[in-house]
S.K.: 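Sharing a structure with you now.
Below, each value reflects all heavy atoms present in this structure, side chains not excepted, and no hydrogens, waters or symmetry copies. Small disclaimer: the values here were computed from a predicted structure and weren't measured.
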Amino acid sequence: MRLSIISTLYKTAAYLPKCVDSLLAQDISSNDYEIILVNDGSPENDLEIAESYAAEYGNIKVVSHPNKGLAGARNSGLSVAIGEYLCFVDPDDYIQQNSFSRLLQQMDDEHLDMLRFNYHVVNEAYNEIAKTKDANVIDYSPCIMDGRQFLVDRLGYACYVWAFIYRRSIISENQIAFREGDYFDDTVWLPQVCNVAERVNCTDVERYYYLQRENSLVNTMSPDATKKKLDAQLVIIERLTEQRTHMDKKVQKWYQGMISKTALSILSTAAINCYEDYDRYIDLLRDYKVFPLWAELSTKEQKIKYCILNISPKLFCQMIHLKNQKG
């Protein structure tokens with residue numbers, strides 16, 4: 001088996017057929033790859049759709065269990081995957097037609113452990129929209145390097161597990177699992193994989209279509225969603241801080257930068273969406289000893305924000321709040 005594709009299903013029935021159809025419209029034999037659809041206890045008819053595809057196509061596996069969350073569902077997919085290579089495709093996203101043959105060929109020819117490819121961002125009408133500023137500064141130019149150097153010099157802070165093809169053995173042999181119960185689990189899992197990869201490369205060809213949904217966690221700013229996001233980001237800081245202590249000094253500056261970026265996001269969100277609680281988040285971040293924040297590998301605008309935050313987190317929150325009120 002050349003490739004295992006893992007897709008986790010939860011309340012994505014409306015998008016799933018487009019995703020699976022894109023995975024089937026590939027230029028490699030169906031005998032060479034498997035599509036693993038993990039139904040994570042979805043209350044919608046994701047399982048019914050998945051099983052109808054599996055009944056028609058022999059290379060589709062369906063795994064179903066009570067809800068574990070995204071991290072747990074990804075682990076379930078990993079536990080049954082048998083491909084030499086591995087990738088993740090979220091069920092509301094899709095892959096460009098006839099993409100895998102060239103990606104797998106590059107993995108073979110260059111003896112890669114990881115290959116990052118570029119992506120499009122689309123809205124729910126499937127029209128392409130602009131990427132974030134951070135995404136636009138990622139360097140996709142080809143250059144083979146070890147994973148630790150890639151982590152420091154090339155990954156940036158876009159920890160998207162779906163943007164790579166992996167040699168599955170580096171994950172299974174090093175027993176790298178997703179941390180169940182965590183949101184933004186990519187941010188903790190991906191640097192661990194980079195840390196053990198010996199050969200990593202990039203291609204600027206846009207193979208993946210990422211759907212930016214209006215009702216996703218990161219785009220929903222109700223009071224409950226805001227608290228959920230902030231609590232999840234605090235957990236990420238805790239996980240990264242713990243993980244950093246076991247890493248080579250060469251990669252610790254990436255961790256410092258990722259922690260700083262997460263802290264910036266927490267206080268920016270708190271200042272706009274729960275201003276009455278911003279002092280509490282400042283205190284929590286101080287408890288985690290994140291200050292002073294580290295501005296390397298940041299945009300000019302972010303460096304200004306880091307500078308203000310390092311002088312006075314309270315002043316920063318007040319400035320963001322006033323700017324948001326003025327529109």
Side-chain angles (χ1 to χ4, degrees), residues 121 123 129-138 152 155-160 181-188 190-191 210 212-245 252-327:
V121 180
N123 59 23
I129 58 179
K131 298 176 185 176
T132 64
K133 291 179 180 178
D134 285 356
N136 288 329
V137 300
I138 294 175
V152 174
L155 177 63
Y157 302 123
C159 293
Y160 305 138
D182 287 359
Y183 289 94
F184 308 120
D185 51 317
D186 307 43
T187 307
V188 176
L190 186 56
Y210 170 77
Q212 190 165 294
R213 294 166 60 186
E214 292 183 2
N215 63 344
S216 67
L217 173 64
V218 293
N219 292 321
T220 304
M221 285 295 106
S222 67
D224 285 346
T226 298
K227 185 179 185 302
K228 196 172 187 178
K229 176 184 176 182
L230 294 173
D231 289 346
Q233 289 181 304
L234 286 169
V235 170
I236 288 299
I237 287 179
E238 180 180 353
R239 302 281 188 253
L240 291 172
T241 301
E242 175 187 342
Q243 197 177 102
R244 179 178 61 179
T245 61
Q252 287 195 9
K253 65 178 183 179
W254 180 88
Y255 280 89
Q256 188 177 354
M258 190 71 230
I259 290 168
S260 295
K261 182 176 173 61
T262 306
L264 171 62
S265 176
I266 288 171
L267 293 183
S268 297
T269 301
I272 294 171
N273 297 97
C274 50
Y275 184 66
E276 65 281 1
D277 289 332
Y278 78 83
D279 273 330
R280 184 172 76 88
Y281 289 103
I282 291 173
D283 290 341
L284 287 169
L285 291 173
R286 283 181 171 144
D287 289 343
Y288 283 120
K289 297 180 171 58
V290 303
F291 298 106
L293 302 182
W294 191 67
E296 196 170 331
L297 302 179
S298 303
T299 64
K300 183 178 180 180
E301 181 181 351
Q302 287 172 337
K303 287 179 179 178
I304 294 171
K305 291 179 179 179
Y306 284 135
C307 182
I308 298 170
L309 270 166
N310 286 332
I311 294 170
S312 172
K314 185 171 185 177
L315 174 63
F316 171 82
C317 291
Q318 291 170 343
M319 290 174 63
I320 294 293
H321 180 68
L322 287 173
K323 182 179 178 181
N324 183 64
Q325 283 189 319
K326 291 177 181 178

S.K.: So, for F316 and S268, which heavy atoms are closest and what is the spacing to 0.1 Å?
M.R.: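 Taking every non-hydrogen atom into account, CZ-OG, 3.5 Å.
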S.K.: For residues L264 and Q302, report the shortest heavy-atom separation together with the two atoms involved.
M.R.: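 Reported closest heavy-atom pair: CD2-CG, 4.3 Å.
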S.K.: Calculate, to the nearest 0.5 Å, the distance between atoms CD1 and CE belonging to I236 and M258 respectively.
M.R.: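 Rounded to the nearest 0.5 Å, the CD1-CE separation comes out at 8.0 Å.
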S.K.: Working to the nearest 0.5 Å, report the span between OG1 of T262 and CZ of R239.
M.R.: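 Atom-to-atom, T262:OG1 and R239:CZ are 13.5 Å apart.
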S.K.: Would you check if Y288 and L234 make a side-chain contact, meaning some heavy-atom pair closer than 4.5 Å?
M.R.: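 With C-beta onward as the side chain, the pair touches.
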S.K.: Using side chain to side chain contact (heavy atoms under 4.5 Å, CB included), reason through R280 and D283 one step at a time and then give a plain yes or no.
M.R.: CA-CA 5 Å; R280 184 172 76 88; D283 290 341; 5.6 Å; no
S.K.: Under the 3.5 angstrom rule, does the side chain of Q243 hit a backbone N or O of V188 as a donor-acceptor pair?
M.R.: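 Checked: pair present.
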S.K.: Can you see which heavy atom on D186 is nearest to which on C159, and at what distance?
M.R.: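 Scanning both residues, the minimum pair turns out to be CB-O, 2.8 Å.
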S.K.: Side-chain contact test, heavy atoms from C-beta onward, threshold under 4.5 Å: evaluate it for I266 versus I237 and give yes or no.
M.R.: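 Counting from C-beta outward, I266 and I237 do come under 4.5 Å.
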S.K.: If you define the side chain from C-beta out and look only at heavy atoms, does anything of L267 sit under 4.5 Å from Y281?
M.R.: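 A side-chain contact exists here, since the closest heavy-atom pair is under 4.5 Å.
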S.K.: Give the intermediate values and the outcome of side chain to side chain contact (heavy atoms under 4.5 Å, CB included) for residues K229 and N273.
M.R.: CA-CA 11 Å; K229 176 184 176 182; N273 297 97; over 6 Å; no
S.K.: Ignoring hydrogens, what is the shortest heavy-atom contact between A271 and C317? Give both atom names and the distance.
M.R.: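 Looks like CB-O, 3.4 Å.
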S.K.: Any chance you could measure T241, atom OG1, to I259, atom CD1, to the nearest 0.5 Å?
M.R.: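 Answer for the OG1-CD1 pair, T241 versus I259, is 3.5 Å.
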S.K.: Ignoring hydrogens and angles, tell me if any N or O in the side chain of N310 forms a donor-acceptor pair with the backbone of Y306 under 3.5 Å.
M.R.: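 Yes, because the side chain of N310 sits within donor-acceptor range (under 3.5 Å) of the backbone of Y306.
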S.K.: What distance separates L309 CG from K314 NZ, expressed to the nearest 0.5 Å?
M.R.: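 NZ of K314 is found 14.5 Å from CG of L309.
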S.K.: Check the pair L230 / D277 against side chain to side chain contact (heavy atoms under 4.5 Å, CB included), numbers first and verdict last.
M.R.: CA-CA 11 Å; L230 294 173; D277 289 332; over 6 Å; no
S.K.: Check R244 against Y255 and note the closest heavy-atom contact, atom names and distance.
M.R.: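 Taking R244 first and Y255 second, the nearest heavy atoms are CD-CB, 3.6 Å.
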S.K.: Relative to each other, are the rings of H321 and Y275 parallel, tilted or perpendicular (30° and 60° limits)?
M.R.: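 Rings of H321 and Y275: parallel, under 30°.
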S.K.: Once you round to the nearest 0.5 Å, how far does CG of L284 lie from CD1 of I282?
M.R.: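 Output value for this atom pair is 10.5 Å.
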S.K.: Starting at OG of S265, measure out to NZ of K305 and round the result to the nearest 0.5 Å.
M.R.: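 Interatomic distance, S265 OG to K305 NZ, rounded to 0.5 Å: 9.5 Å.
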